[in-house]
Novice: 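Shown below is the structure under consideration.
Order of the sequence lines sets the chain letters (A, B, ...), proteins ahead of strands, with each chain counted from 1. FYI, side chains are in, hydrogens and waters are out, and symmetry mates aren't considered; it's all heavy atoms of this structure.
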There are 2 protein chains.
Amino acid sequence: MYVVKVPAKKARSPRPTLTRESVLAAALVLADHHGLDALSMRKLGQALGVEAMSLYNHVANKDDVLDGMVDLVMGEIHVPVGRPWRDALRERSISAHDVLLAHPWAAALIESRLSPGPQRLAHHNALIGVLREADFPMDLAYRAFLTLDSYIYGFILQEVNWPFTRAERPDVVTAIEPMVTMEAHPHLIAMMSYVMDSSREELAAEGAGGAYRAEFEFGLDLILDGLAAALGARR
Amino acid sequence: MYVVKVPAKKARSPRPTLTRESVLAAALVLADHHGLDALSMRKLGQALGVEAMSLYNHVANKDDVLDGMVDLVMGEIHVPVGRPWRDALRERSISAHDVLLAHPWAAALIESRLSPGPQRLAHHNALIGVLREADFPMDLAYRAFLTLDSYIYGFILQEVNWPFTRAERPDVVTAIEPMVTMEAHPHLIAMMSYVMDSSREELAAEGAGGAYRAEFEFGLDLILDGLAAALGARR
DNA sequence: ACCTGAACACCGTTCAAGT
DNA sequence: ACCTGAACACCGTTCAAGT
C-alpha cells in the first residue's frame, strides 16, 4: 500500500491520469479553499474532471480520503531531532500550530480519525524519541505528550473557530451582542472589549502565525516550564 | 426566545406535545446512544414519533438543534464561585472533563459552533469572574482562559477518540499493528506497550472520570501551577 | 397552530456495462 | 485497467395542503 503509481509514458489524455496522490492533493486544496463541508466525492470528482465513481478506483471510500488528507498535513509538521528537548518540542509545537492554522479543517479531522497514517506514526515516533532521549521516564513522557498535544489541538480549534474581530465576522459578532447584557455578563463584556480592542486588530494584520501567536506561545512556554520542573523532580 | 411552551391542559394525545425542549432533549439522547453521525432530522423525528418536517415548527433547522444540544451540555458544567481561584478552576475543569466525557460528541461540536447559547455565555462569564476576582489582570485572565480551555477540549478529543486497550477496539488496534515496525518506530512501540500494559486496563475498569483521569489531572495541575506563578510574577 | 406528502437538490456507494 | 450511467438508500429543507 501507499505505492506511487507511475502514469504510463504514452498517456496523451487531455488531463493527467488519476492517482491516489492526485486525488488526495485535490481534496486538500478543495478543503483549504471551500471548507471541509464542501468536500464531497461528487465535487472532488468534478474538480478532477471526472465522475465521482471513478475515484473509487484510487481510494477505498471517503474515509480513506479523509485519512489521506490528515496524513498529508501531518507530514508538513516539522520535528527537529538531535536538539535539546525543550527547543525541539517548542519548535515542533509552533510548526504544528502554523500548519494546522494553514489548514483550518485539519485539527478537528485529525482528532476524529481512528487509524493513523504513516506520516502520523513517524511524527509521533520522532516526538516520543525526543522525550526519551532527554531521559523522560516513560510515564512522564506519555503525560508530556498528552498535555502538549491536548493544548495544541485545543488551541487551534478555538483559534480557527473563534473570530475575534468584528471585521472578520460581523454576522457572528452582531448575533451574539443582543444576548450579552451588562447585568448578566459583566465579566464577559469586560473581556470581549479587551479582546476586540483596536491594538489587537493591528496584530491580526501582521500575518505569520496569526493574531493568536503570542497567546499560543504563552501557554506553550507555561507547559514546557512545567514539564522541565516535573523532569527535574524525578532526577 | 428560549421560552418554555406549556402544553395545553386539555391535550389528550397519545404522545406529549412537541416543544423545543423535548426536541433538544431527544437529540441529546440520540447522540449519546448512537453518536452524532446517527443524528439526522429524519431519525430525530422518528424518535419523537413524528415526521422530520414537524421539527421545523419548533427549531429553526439542524444547526439550531446542534446549538441547543451544545448549550444543554454547557449547562451541566459546574463553576464554583466564592472560592479560591485555584480550587474553583480545578473543580470546574474536572467537571468539564467529566461532562464532556459523558457526551463524547460534545467537545468537537462545541468547538465548531459559532454562536454560543445562554448557558455557554453564563459559564464563560462565571469563569472569567473567578479570574478577575482573584485579581488576574485582563491580559493574563484571557491567556489563562485560553490555555486552560485549550487543554481541556484538546484532552477530551484525544480521550474520546483514542481507545487505548485492545479490548475496547480490537479492530483499530489490529489495523494499526502491521504499520508499526520495530525498526521504523522503536519509541512508538515502547510507548504503546507502556500504555497498553495490563495495570492500565484495570484503571479503565474503575469508572468515574474514566481511565485517563490521572493523566488529565497531571496536565491540569501543571497548568494551574504555571498560572499561579504567572500571577505571582505580576504582583 | 401544528403536522405531513410530495418534491427538490443534494449525499456516499455499488455494480453492471462500456472502452 | 479505468471510467461511467443508472440505481439505491440516505440527507436537509421548503411549501402547499390538510386538520
Novice: Between A/Arg120 and A/Asp71, which heavy-atom pair has the shortest distance, and what is it?
Specialist: N-OD1, 3.0 Å
Novice: May I ask you to check whether B/Phe155 and B/Phe216 place their ring centers less than 6.0 Å from one another?
Specialist: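 Yes, the ring centres sit under 6.0 Å apart.
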Novice: Give the stems involving DNA chain C, where a stem is 3 or more consecutive Watson-Crick or G-U wobble pairs (i with j, i+1 with j-1, and so on) under 3.5 Å.
Specialist: C:4-8 with D:12-16, C:12-16 with D:4-8
Novice: What is the separation between atom CG on B/Leu55 and atom P on D/dC11, rounded to the nearest whole Å?
Specialist: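 Distance check: B/Leu55 CG to D/dC11 P gives 13 Å.
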Novice: If every non-hydrogen atom of B/Leu157 is compared with every non-hydrogen atom of B/Asn161, which pair is closest and at what distance?
Specialist: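 Scanning both residues completely, I find the closest heavy atoms to be O-ND2, 2.8 Å.
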Novice: Using atom CG of B/Leu66 as one end and atom C1' of D/dG12 as the other, report the distance to the nearest whole Å.
Specialist: 12 Å
Novice: I'd like to know if the side chain of B/His97 pairs up with that of B/Arg213 as donor and acceptor (distance under 3.5 Å, no hydrogens or angles considered).
Specialist: no
Novice: Quick check: does any side chain N or O of B/Lys43 sit under 3.5 Å from a backbone N or O of B/Leu30, one acting as donor and the other as acceptor?
Specialist: no
Novice: In whole Å, what is the span from the CD atom of B/Gln46 to the P atom of D/dC10?
Specialist: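 So the two atoms are 10 Å apart, to the nearest Å.
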Novice: Round to a whole Å and report the spacing from CG of B/Leu48 to P of C/dT4.
Specialist: 11 Å
Novice: Counting the atoms with a prime plus P, OP1 and OP2 as sugar-phosphate, which does A/Ser54 contact under 4.0 Å by heavy atoms, base, sugar-phosphate, or nothing?
Specialist: base
Novice: Going by an N to O cut-off under 4.0 Å, is there a salt bridge joining A/Asp67 and A/Arg113?
Specialist: yes
Novice: OP1 or OP2 of C/dC11 versus the side-chain N and O atoms of A/Lys43: is any pair under 4.0 Å?
Specialist: yes
Novice: Any chance the rings of A/Phe145 and A/His124 have centres within less than 6.0 Å?
Specialist: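 Ring-ring flag for A/Phe145/A/His124: true, centres closer than 6.0 Å.
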Novice: List for me each residue that meets ring-ring contact (aromatic ring centres under 6.0 Å, His included) alongside A/His103, sequence neighbours excluded, and say none if there are none.
Specialist: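 ring-ring contact (aromatic ring centres under 6.0 Å, His included) list for A/His103, sorted by chain: A/Trp105.
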Novice: Can you pull every protein N or O that's under 3.5 Å from an N or O on nucleotides 13-19 of chain C?
Specialist:
{"from": "C/dT13", "atom 1": "OP2", "to": "A/Tyr56", "atom 2": "OH", "distance (Å)": "2.9"}
{"from": "C/dT13", "atom 1": "OP2", "to": "A/Lys62", "atom 2": "N", "distance (Å)": "2.8"}
{"from": "C/dT13", "atom 1": "O5'", "to": "A/Tyr56", "atom 2": "OH", "distance (Å)": "3.4"}

Novice: According to a strict under-4.0 Å criterion, is A/His58 in side-chain N/O contact with OP1 or OP2 of D/dA1?
Specialist: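 No, no such contact exists.
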